[in-house]
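All values below were derived from every heavy atom in this structure, side-chain atoms included, with hydrogens, water molecules and symmetry-related copies excluded. Sequential numbering from 1 along the given sequence is applied to the chain's residues.
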Amino acid sequence: MLVTIILIILLVEGVILFFYGLQKQSQLFFFLGMTAFFIPVVYFISGAAFLPLIPVLALIITYITKRKITLT
C-alpha cells in the first residue's frame, strides 16, 4: 500500500518535471522527469525486471526530443 502511494507521487512528480523541462528546454529536467515517470509505469506493468533499462530509455528519448526541438 505504501509503495503504491510513493510510486503515484513519483509519477506525478515526473509529469511536473517533464513539462517544466519542456517549458524551459532543460535537458536535465526533461531527463529526470522521464525517469521519474517511467519508474512507476514500468513497475506497475512488468514488475522489477526492466527497471535497470529506464535510464537508458529516458536518455534516448531526451536526446531525440532535444534534436527535434532545436531543428524546428
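In this structure, L2 belongs to a hydrophobic cluster whose other members, linked by side-chain heavy atoms under 4.5 Å apart, are I6.
Hydrophobic clustering, with ILVMFWY side chains joined whenever heavy atoms are under 4.5 angstrom apart, keeps I16 apart from F19. Hydrophobic clustering keeps I45 apart from I8 (ILVMFWY residues linked when any side-chain heavy atoms are closer than 4.5 Å, directly or through intermediates). The hydrophobic cluster containing V41 does not contain I5, counting ILVMFWY residues as joined when their side-chain heavy atoms lie under 4.5 angstrom apart, directly or transitively. Two different hydrophobic clusters hold V56 and L32 under the rule that ILVMFWY side chains link at heavy-atom gaps under 4.5 Å. Put simply, L59 and L28 are part of the same group of oily side chains (I, L, V, M, F, W, Y) that touch within less than 4.5 Å, one to the next.
Among all heavy-atom pairs drawn from F31 and P55, the shortest one is CE1-O, 3.6 Å. Closest approach of G14 and A36 over heavy atoms only: CA-CB, 3.6 Å.
Atom CZ of F50 is surrounded by 12 or fewer heavy atoms from other residues, nucleotides or ligands within 6.0 Å.
Side chains of I60 and Y63 form no contact here, defined as non-hydrogen atoms less than 4.5 Å apart. F37 has its side chain out of reach of L17: every pair of non-hydrogen atoms, C-beta onward, lies at least 4.5 Å apart. L7 has its side chain out of reach of L11: every pair of non-hydrogen atoms, C-beta onward, lies at least 4.5 Å apart. Residues E13 and L10 meet the side-chain proximity criterion, which asks for heavy atoms closer than 4.5 Å.
A search for ring pair (Phe, Tyr, Trp, His ring centres under 6.0 Å) contacts involving F29 returns Y20, not counting sequence neighbours.
From I9, atom CD1 reaches atom OG1 of T4 across 11.0 Å, with rounding to the nearest 0.5 Å. To the nearest 0.5 Å, atoms CZ (F38) and CG (L51) are separated by 12.5 Å. Atom OH in Y43 sits 11.5 Å away from atom CD1 in I54 (nearest 0.5 Å). Taking CE from M34 and OG1 from T65, the interatomic distance works out to 6.5 Å, rounded to the nearest 0.5 Å.
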